[in-house]
Amino acid sequence: KMAAAAGAAAAAGLWSEVNRCGQNGDFARALKSVNKILQINKDDVTALQCKVVCLIQNGNFKEALGVINTHTKVLTSDAIAFEKAYCEYRLNRIESALKTIQSASQQTDKLKELYGQVLYRLERYDDCLAAYRDLIRNSQDEYEEERKTNFSAVVAAQSTWEKVVPEDLGLREATYELCYNSACALIGQGKLHEAMKKLQKAEELCRQSLSEDSDATEEDIEAELAIIHGQMAYIMQLQGRTEDALQLYNQIIKLKPTDVGLLAVIANNIITINKDQNVFDSKKKVKLTNAEGVEHKLSKKQLQAIEFNKALLAMYTNQADQCRKLSASLQSQSPEHLLPVLIQAAQLCREKQHAKAVGLLQDFAEQHPASAAEIKLTMAQLKIAQGSVTKACMILRSIEELQHKPGMVSALVTMYSHEEDIDSAIEVFTQAIQWYQQHQASQTRGANPKSPVHLSLIREAANFKLKHGRKKEAISDLEELWKQNPKDVHTLAQLISAYSLVDPEKAKVLSKHLPSSDTMSLKVDVDALENSQGAMYVRKKAGKLTGDNQQKEQGQGEVKKKKKKKKGKLPKNYDPKVTPDPERWLPMRERSYYRGRKKGKKKDQVGKGTQGSTTTGSSELDASRTASSPPTSPRPGSGAAVSATSNIIPPRHQKPAGAPATKKKQQQKKKKGAKGGW
């Protein structure tokens with residue numbers, strides 16, 4: 001009895017210690033006291049629950065879950081359901097956490113909060129929204145702002161990843177978190193300008209909020225703002241301001257934020273800006289996307305985009321095996337996704353295996369008809385690259401859902417014209433026009449109004465036929481256009497022009513429908529037109545011409561004045577009494593009195609030599625005189641060295657001018673000397 005009483009007293013003291021440590025937040029000391037209590041009574045339910053809580057507060061989630069699982073008989077699922085689900089959630093066992101929450105008999109407010117977080121991580125956004133609506137409606141405590149923030153985060157995720165138009169939540173955006181989530185929702189809708197304004201407001205609110213905290217430094221503020229700046233850079237990138245975006249991305253990386261998810265997203269976006277350029281920087285940045293825990297911080301679509309970019313980077317860096325491995329892995333994860341197949345085809349094209357690439361795309365198109373149109377467009381592009389334009393046209397015409405599109409019609413007509421296949425080009429126009437006729441007839445129940453696209457196609461077909469000499473076929477199209485709009489003077493003029501080459505009488509009849517010149521007078525401000533800059537230039541030019549004409553008309557009866565010729569300049573020694581030499585225009589050697597040069601002068605001169613060479617006297621060429629004379633140092637300014645500017649060696653690589661022997665001696669002396677050097 002005395003031992004039991006002593007044990008009870010010790011336990012009471014330990015419990016008071018646990019209570020005091022818990023209130024002070026010292027869970028490490030509390031855990032020690034709880035362990036002592038469990039030594040006294042190992043199946044104490046309260047002590048086990050306290051131990052689990054202390055371990056969770058200390059971040060030891062794995063150990064806490066181990067305590068729960070080893071004491072399942074004592075710790076029932078209802079008593080410890082929240083703690084167990086929370087440990088599983090923090091250990092990224094999201095599916096297990098969901099099962100634990102759903103198996104609990106009583107759904108407490110804490111479990112409902114955790115349930116919303118679990119659904120968000122599982123990307124079940126509709127269920128998550130319903131859970132948070134219920135929480136906000138039925139809860140009134142100090143955590144209301146956090147619930148609204150989480151609610152807005154779910155709406156933003158739906159807008160971004162599922163392209164759902166977000167509902168107006170009516171939330172007052174008093175915090176920077178709410179502003180940030182609202183901006184993300186706007187980005188998902190493509191409203192980039194409005195989103196940027198929201199982010200600027202979020203930045204301002206964040207600075208105000210953190211400046212009120214006396215312990216917060218400028219570095220802490222910048223670290224908190226990193227995610228906001230990251231979204232700003234993303235908007236700049238979407239707007240095409242890649243240089244500004246890149247600068248902001250690099251500023252965030254220099255801050256070394258602890259959020260591995262943020263770093264991974266920024267690194268991925270820099271890689272997309274670099275593309276096939278600056279691959280060395282991209283290979284460094286890709287390491288940030290492989291950091292531990294990234295897969296738990298990002299959504300599935302974000303992770304998938306990062307893997308796609310890794311495969312593309314491997315292709316750009318000529319890592320063919322790595323590219324094939326990554327794209328094959330992506331295809332196995334998402335068999336219906338188009339991008340992995342396109343990457344594989346691109347890699348095959350880089351290896352000059354175009355036929356194999358086309359075969360790969362053909363197989364995928366047959367297996368996935370929903371993506372057939374995009375695949376066939378890629379196949380056509382490959383055929384054009386190979387020079388098989390006709391085969392490319394056949395592939396494009398097999399895409400039934402795009403045959404009538406103006407862009408497709410334009411591409412096919414251009415390609416057929418390049419191949420000089422005018423009949424096929426006209427057939428493309430005809431099929432597209434027929435499609436619009438059938439489609440509009442079914443919609444308008446027999447009425448025959450033409451849509452602007454339909455009329456545009458008919459006009460383009462008529463112009464094409466006229467250009468290539470198919471006037472009779474063009475006439476029927478032009479008549480159809482004129483019938484739709486009898487007031488269209490331009491179409492009527494084209495029709496008359498076409499008939500004038502085929503049936504002149506019909507052209508005359510149609511010309512009666514042309515409006516008279518009086519009705520076609522345009523309301524033009526003549527004064528304003530004459531005072532315009534172009535008209536002033538034309539008027540000045542015309543004025544000069546008319547002035548010249550008037551002078552010519554006035555001088556028709558007068559005799560034209562002859563222009564005075566200037567007297568030629570005479571030589572200084574000109575003597576008018578002496579008759580000029582008649583052969584003065586001939587070169588000296590060709591004149592009759594030329595006798596040649598007198599010989600015998602300059603006997604010391606050595607032969608002619610090459611042009612520009614210097615001649616030296618015989619005394620300078622006498623070796624007997626120079627051999628005995630002592631060598632003299634070159635005079636200043638003498639040509640002692642030859643420079644060749646085209647072969648200048650950079651200073652760091654320039655060899656010394658001294659002899660090799662002296663160089664070796666200098667090196668030996670240096671070795672014996674000081675240890676320092678470059």
Side-chain angles (χ1 to χ4, degrees), residues 11-122 128 131-132 135 139 141-147 149-150 153 177 258-261 291-298:
L14 290 168
W15 277 117
S16 62
E17 177 72 14
V18 169
N19 186 38
R20 185 173 65 257
C21 292
Q23 289 176 353
N24 296 331
D26 190 355
F27 294 99
R29 287 187 65 183
L31 183 60
K32 291 179 181 178
S33 300
V34 169
N35 285 332
K36 289 177 182 178
I37 294 169
L38 288 171
Q39 287 175 359
I40 298 169
N41 183 5
K42 64 177 182 179
D43 292 331
D44 190 328
V45 177
T46 308
L48 286 170
Q49 287 178 333
C50 287
K51 182 175 182 177
V52 169
V53 171
C54 288
L55 289 169
I56 289 172
Q57 291 289 349
N58 291 330
N60 299 324
F61 305 108
K62 198 170 185 180
E63 190 178 345
L65 192 60
V67 171
I68 295 169
N69 291 331
T70 52
H71 295 83
T72 51
K73 291 181 180 179
V74 181
L75 298 172
T76 59
S77 58
D78 289 338
I80 205 76
F82 173 76
E83 286 78 7
K84 183 182 180 182
Y86 185 75
C87 288
E88 289 169 337
Y89 172 78
R90 292 301 300 268
L91 291 169
N92 297 306
R93 303 174 188 176
I94 309 301
E95 293 287 351
S96 300
L98 181 63
K99 288 179 182 179
T100 302
I101 293 168
Q102 289 174 338
S103 63
S105 58
Q106 187 179 1
Q107 294 293 319
T108 62
D109 288 343
K110 291 191 297 183
L111 277 173
K112 288 178 181 178
E113 298 272 4
L114 185 58
Y115 181 59
Q117 293 283 349
V118 167
L119 291 173
Y120 182 80
R121 286 284 299 276
L122 291 171
C128 188
Y132 275 113
L135 278 168
S139 301
D141 52 27
E142 66 272 17
Y143 298 109
E144 184 178 359
E145 202 70 44
E146 281 79 359
R147 292 189 191 98
T149 301
N150 291 345
E177 293 94 345
T258 55
D259 188 349
V260 292
E292 186 180 356
V294 168
E295 66 276 12
H296 306 305
K297 291 283 186 178
L298 303 179

For [X] and [Y], work out which heavy atoms get closest and say how close.
X      : Y      : result
Leu98  : Tyr115 : CD1-CE1, 3.5 Å
Val18  : Ser33  : CG2-CB, 3.4 Å
Ala47  : Val34  : O-CG1, 3.2 Å
Cys21  : Ala30  : CB-CB, 3.7 Å
Gly22  : Phe27  : O-CZ, 4.1 Å
Gln107 : Ile101 : NE2-O, 2.8 Å

Should Phe61 and Glu83 be marked as a side chain to side chain contact (heavy atoms under 4.5 Å, CB included) after you check the CA-CA gap, both sets of side-chain angles, and the distance that decides it? CA-CA 9 Å; Phe61 305 108; Glu83 286 78 7; over 6 Å; no
Hey, does the side chain of Asn19 reach the backbone of Trp15 with a donor-acceptor pair shorter than 3.5 angstrom? no
Is Asp141 reaching over with its side chain to a backbone N or O of Tyr143, donor-acceptor style, under 3.5 angstrom? yes
Please walk me through it: do Arg147 and Glu113 pass side chain to side chain contact (heavy atoms under 4.5 Å, CB included)? CA-CA 8 Å; Arg147 292 189 191 98; Glu113 298 272 4; 2.3 Å; yes
Output yes when Lys51 and Asp44 qualify as a salt bridge under the 4.0 Å nitrogen-oxygen rule, no when they do not. no
Would you please test Leu111 and Gln106 for side chain to side chain contact (heavy atoms under 4.5 Å, CB included) and show each step? CA-CA 9 Å; Leu111 277 173; Gln106 187 179 1; over 6 Å; no
